[in-house]
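The structure appears right after this line, and notes come after that.
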Amino acid sequence: YKRQVLTHSDDDPAVQVVYEPIIQTAPVMTHAERSNRIRSAILSLAERHRVTGDRERLNLLADTIYRESLQNDIDPLLVAAIISMESSFRPAVVSEAGAVGLMQLRPFVARDVAERHDLLWSGEITLVEPRQNVRLGVRYYRELVDRFQGDERLALIAYNRGPTRLRHQMRSSGGSVASSYAENVLRLYQQLCEDCGLLQA
């Protein structure tokens, strides 16, 4: 994130635009405080989508998102933003393309991820179970981050379009690929971080 700084001088009356990074710092907080804020933000996001269900089930889901994300070195709030964009936190939703569940995984992709990571796979029904869906979805996203050398924007586009299609589009366009999906996920992620007090705007 950058801001514009407009500068001029008597010697050079032309206005110059200089880009400087915004320094974003997180307040000092304990691990428990940070964890509680993140879990609360995930619950609030689910409730914003009017997800029905008992509080215990939603707490288990928030715990799963938190735990699986950290185990795979992914920010839990980013995973929550992906789920929000993909399924609006509806665990049984199926897309026209056949993607299933919270993180909208296509069964053949999820099966391959399960095999590579020795995770439970009992067919497509596995993806309707929220915790299994999150576990597989987070592992798949981690693979995409690694595949695109840590570029999370490209990983998000690949998650949305498929990595093979993205590679083809990058070759066709000389490397530049626009994606409203990635921008929307990252915008929501930024807002969640700010709402938690993890970043200063």
Side-chain angles (χ1 to χ4, degrees), residues 1-5 17-24 38 41-42 45-46 48-49 65 68-91 93-117 119 124 127 133-196 198-199 201:
Y1 297 91
K2 300 179 178 179
R3 63 186 175 93
Q4 294 183 5
V5 179
V17 178
V18 180
Y19 288 93
E20 294 182 354
I22 293 177
I23 304 302
Q24 296 178 320
I38 291 172
I42 294 169
L45 184 59
R48 247 188 274 172
H49 288 291
I65 293 169
E68 294 296 330
S69 299
L70 292 187
Q71 286 179 356
N72 289 278
D73 198 25
I74 301 294
D75 193 316
L77 294 177
L78 180 60
V79 173
I82 292 172
I83 292 172
S84 178
M85 290 295 300
E86 289 287 344
S87 67
S88 299
F89 280 83
R90 294 174 294 164
V93 68
V94 180
S95 74
E96 292 182 1
V100 181
L102 290 172
M103 297 192 72
Q104 287 291 279
L105 296 166
R106 287 182 290 177
F108 76 91
V109 172
R111 183 192 64 236
D112 289 347
V113 172
E115 289 176 355
R116 284 194 295 275
H117 297 280
L119 298 174
E124 186 173 324
L127 296 176
N133 188 289
V134 170
R135 187 169 291 118
L136 291 163
V138 170
R139 294 290 179 97
Y140 179 52
Y141 180 70
R142 176 73 253 175
E143 290 181 356
L144 293 174
V145 172
D146 293 340
R147 185 168 177 175
F148 288 92
Q149 290 77 50
D151 189 323
E152 297 219 25
R153 181 179 176 276
L154 287 179
L156 286 170
I157 300 173
Y159 192 93
N160 179 243
R161 300 180 188 176
T164 302
R165 182 181 176 195
L166 175 57
R167 291 284 193 196
H168 177 73
Q169 291 173 339
M170 290 174 70
R171 285 193 296 269
S172 300
S173 66
S176 177
V177 180
S179 170
S180 58
Y181 171 85
E183 303 310 325
N184 288 336
V185 170
L186 291 172
R187 189 179 301 113
L188 176 56
Y189 167 62
Q190 174 78 7
Q191 187 61 57
L192 290 171
C193 289
E194 291 175 3
D195 291 346
C196 283
L198 301 179
L199 290 178

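All heavy atoms count here, side chains included; hydrogens, waters and symmetry mates do not. FYI, the numbering just counts along the sequence from 1. Because the structure is predicted, anything quoted here is derived from the model rather than measured.
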For the student: nearest non-hydrogen atoms of Ser179 and Ala182, plus distance: OG-N, 3.0 Å
Arg106: salt bridge (Lys or Arg N to Asp or Glu O under 4.0 Å) partners, not counting sequence neighbours: none
Atom pairs and distances, side-chain donor-acceptor, residues 163-171, under 3.5 Å, sequence neighbours left out:
{"residue": "Arg167", "atom": "NH2", "partner": "Arg147", "partner atom": "O", "Å": "3.2"}
{"residue": "Gln169", "atom": "OE1", "partner": "Arg161", "partner atom": "NH1", "Å": "2.7"}

Which residues share a ring pair (Phe, Tyr, Trp, His ring centres under 6.0 Å) with Tyr159, sequence neighbours left out: Tyr140
Sub-4.5 Å side-chain heavy-atom contact between Tyr141 and Leu156: yes
Residue pairs passing the salt bridge (charged side-chain N to carboxylate O under 4.0 Å, His left out) test where at least one lies in residues 148-159, sequence neighbours excluded: Arg153-Glu183
Considering all heavy atoms, the nearest Tyr189-Leu78 contact: CD1-N, 3.4 Å
For the student: nearest non-hydrogen atoms of Ser69 and Val79, plus distance: OG-CG2, 3.2 Å
Salt bridge (Lys or Arg N to Asp or Glu O under 4.0 Å) partners of Asp146, counting only residues at least two apart: Arg142
Partner set under side-chain contact (heavy atoms from CB on, under 4.5 Å) for Val93, not counting sequence neighbours: Ser87, Arg90, Gln104
Partner set under side-chain contact (heavy atoms from CB on, under 4.5 Å) for Glu115, not counting sequence neighbours: Arg111, Asp112
With Ala41 via side-chain contact (heavy atoms from CB on, under 4.5 Å) - residues at least two apart: Leu77, Cys196
Partners meeting salt bridge (Lys or Arg N to Asp or Glu O under 4.0 Å) with Glu143 (sequence neighbours left out): Arg116
Closest contact, heavy atoms only, Val138 versus Met103: N-SD, 3.8 Å
Heavy-atom side-chain contact between Ile42 and Ile38 under 4.5 Å: yes
Heavy-atom side-chain contact between Leu70 and Pro76 under 4.5 Å: yes
Donor + acceptor pair across side chains of Tyr181, Glu86 (<3.5 Å): yes
Residues forming a side chain to side chain donor-acceptor pair (under 3.5 Å) with Ser84, sequence neighbours excluded: His49
Those residues that, when tested against Ala110, pass side-chain contact (heavy atoms from CB on, under 4.5 Å) (two or more places apart): Leu105, Trp121, Leu127, Leu136
Residues in salt bridge (Lys or Arg N to Asp or Glu O under 4.0 Å) contact with Glu68, at least two apart in sequence or another chain: Arg135
